[in-house]
Number of protein chains: 2
Amino acid sequence: MTNPLDAVFSALADPTRRAILAMLLEDDMAVTDVAEPFEVSLAAISKHLGVLADAGLITRERRGRVIWCKLEPGALRTATVWMQGFGQFEPLDLDAFERFLEQELPADTD
Amino acid sequence: MTNPLDAVFSALADPTRRAILAMLLEDDMAVTDVAEPFEVSLAAISKHLGVLADAGLITRERRGRVIWCKLEPGALRTATVWMQGFGQFEPLDLDAFERFLEQELPADTD
DNA sequence: TTCATATTCAACCCTTCGGTTGACGATTTC
DNA sequence: GAAATCGTCAACCGAAGGGTTGAATATGAA
């Protein structure tokens, strides 16, 4: 996947990965905790995190036994510039964004 | 593909489709003309146009024997809102966008 | 050392995706 | 009507994607 836009957009194309990014927007998280709300295996989430890391959207750092995942929003920059070129100059609609987050986050199973 | 974000982001994940969108940014085009600069078959381009149309990113209208493709940038709106939520509030960098376009457009074979 | 926890790796399965080719349908032109 | 042009459809192919399970690795705790 030579082109960084390929990597970023295809990473964003999966709803599980977008939900993970939304979760990481709140705070850094351990892999196990990222996986907890989803109904797929830990290995599947680990793969998703690998895709996100390859696209530069997150970084992972081992601290002791735990690997912490951290959002890297800068990776969205080139993709955002690309999209802005198509006339999307609207100001941020924070309410709309919050609705997306709720809709995208996995069901709360606490 | 229930979620519109899935459709939009996975449509954008392919470099051929992004190049098509960039071409349509200049002007509406017939399917044959869209296909001309690419090295794949017309059928392949027709499929790409179908993906873009399904994502709402373009519309197609038959006029006589020719089908005209037209950009629908409004479909990028939800995706842009989603991305803006991750801290991408930078103003449009038109120079950067032009560089992307050149880089993304197929080689000029005139 | 041994055991438990945290995460990834490897092999596999099935579906989707991007491509091809050849046939077909629609429309214009002769 | 017949022929040429425009575009899609259908069937197929190989590669990639998302999932699983079980084994392996790395670290911390007992």
Side-chain angles (χ1 to χ4, degrees), chain A residues 1-21 23-24 27-70 104 106-107, chain B residues 1-21 23-24 27-55 57-71 104 106-107:
Chain A
M1 196 125 51
T2 297
N3 193 321
L5 285 179
D6 288 8
V8 169
F9 282 130
S10 66
L12 296 180
D14 183 275
T16 299
R17 286 193 292 262
R18 286 197 309 275
I20 290 173
L21 292 177
M23 290 164 64
L24 291 177
D27 208 350
D28 299 355
M29 293 179 79
V31 173
T32 304
D33 294 334
V34 169
E36 196 271 334
F38 296 98
E39 287 177 350
V40 298
S41 68
L42 181 62
I45 297 297
S46 178
K47 278 196 201 177
H48 281 305
L49 292 171
V51 171
L52 291 170
D54 288 346
L57 292 164
I58 66 167
T59 51
R60 287 173 293 184
E61 184 192 347
R62 165 155 246 145
R63 282 210 289 277
R65 197 157 50 161
V66 171
I67 293 182
W68 292 88
C69 303
K70 178 179 164 56
E104 291 250 311
Chain B
M1 196 124 53
T2 298
N3 193 322
L5 285 180
D6 288 8
V8 169
F9 283 130
S10 65
L12 295 180
D14 183 274
T16 299
R17 286 193 291 263
R18 287 197 309 274
I20 291 173
L21 292 177
M23 291 164 63
L24 292 177
D27 207 350
D28 299 356
M29 293 179 79
V31 173
T32 304
D33 294 335
V34 169
E36 196 273 332
F38 296 98
E39 286 178 350
V40 298
S41 68
L42 180 62
I45 297 297
S46 178
K47 277 196 201 178
H48 281 306
L49 292 171
V51 172
L52 290 170
D54 287 347
L57 291 165
I58 66 167
T59 52
R60 286 173 294 184
E61 184 191 347
R62 163 156 246 145
R63 282 210 288 277
R65 189 156 57 161
V66 171
I67 293 182
W68 292 89
C69 303
K70 179 178 163 57
L71 196 63
E104 291 250 312

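Sequence lines set the chain letters: A, B, ... in the order given, protein chains first and strands last, and positions in each chain run from 1.
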Response to the item:
Tightest non-hydrogen contact, residues B:Thr16 and B:His48, listed as CG2-CD2, 3.7 Å
Holding to side chain to side chain contact (heavy atoms under 4.5 Å, CB included), I want the full list of residues that pass it with [X], two or more places apart in sequence or in another chain.
X       : value
B:Asp28 : B:Trp68, B:Lys70
A:Val51 : A:Ala11, A:Arg17
B:Leu24 : B:Ile20, B:Met29, B:Val34, B:Ile58, B:Cys69, B:Leu71

Please give, in whole Å, the distance from [N] [atom2] to [X] [atom1]?
X       : N      : atom1 : atom2 : answer
A:Asp6  : C:dG18 : CG    : P     : 11 Å
B:Phe38 : C:dG18 : CZ    : C1'   : 14 Å
B:Asp33 : D:dT5  : CG    : P     : 15 Å
B:Ile67 : D:dT5  : CD1   : P     : 17 Å
A:Trp68 : D:dA26 : CH2   : P     : 21 Å
B:Asp54 : C:dC17 : CG    : P     : 11 Å
B:Glu61 : D:dC6  : CD    : C1'   : 16 Å
B:Leu49 : C:dG18 : CG    : C1'   : 14 Å

Item to complete: Taking only the side-chain nitrogens and oxygens of B:His48, find out if one of them lies under 4.0 Å from OP1 or OP2 of C:dC17.
Response: no
Worksheet entry | Which residues share a side-chain hydrogen bond (donor to acceptor under 3.5 Å, both in side chains) with B:Thr59, sequence neighbours left out | B:Glu72
Discussion item. Rounded at 0.5 Å granularity, tell me how far CD1 in A:Ile45 sits from CD in A:Glu39.
Written reply: 11.0 Å
Please list, pair by pair, any protein nitrogen or oxygen found under 3.5 Å from a nitrogen or oxygen in nucleotides 20-29 of chain C.
residue, atom, partner, partner atom, Å
C:dT20, OP2, B:Ser41, N, 2.8
C:dT20, OP2, B:Ser41, OG, 2.7

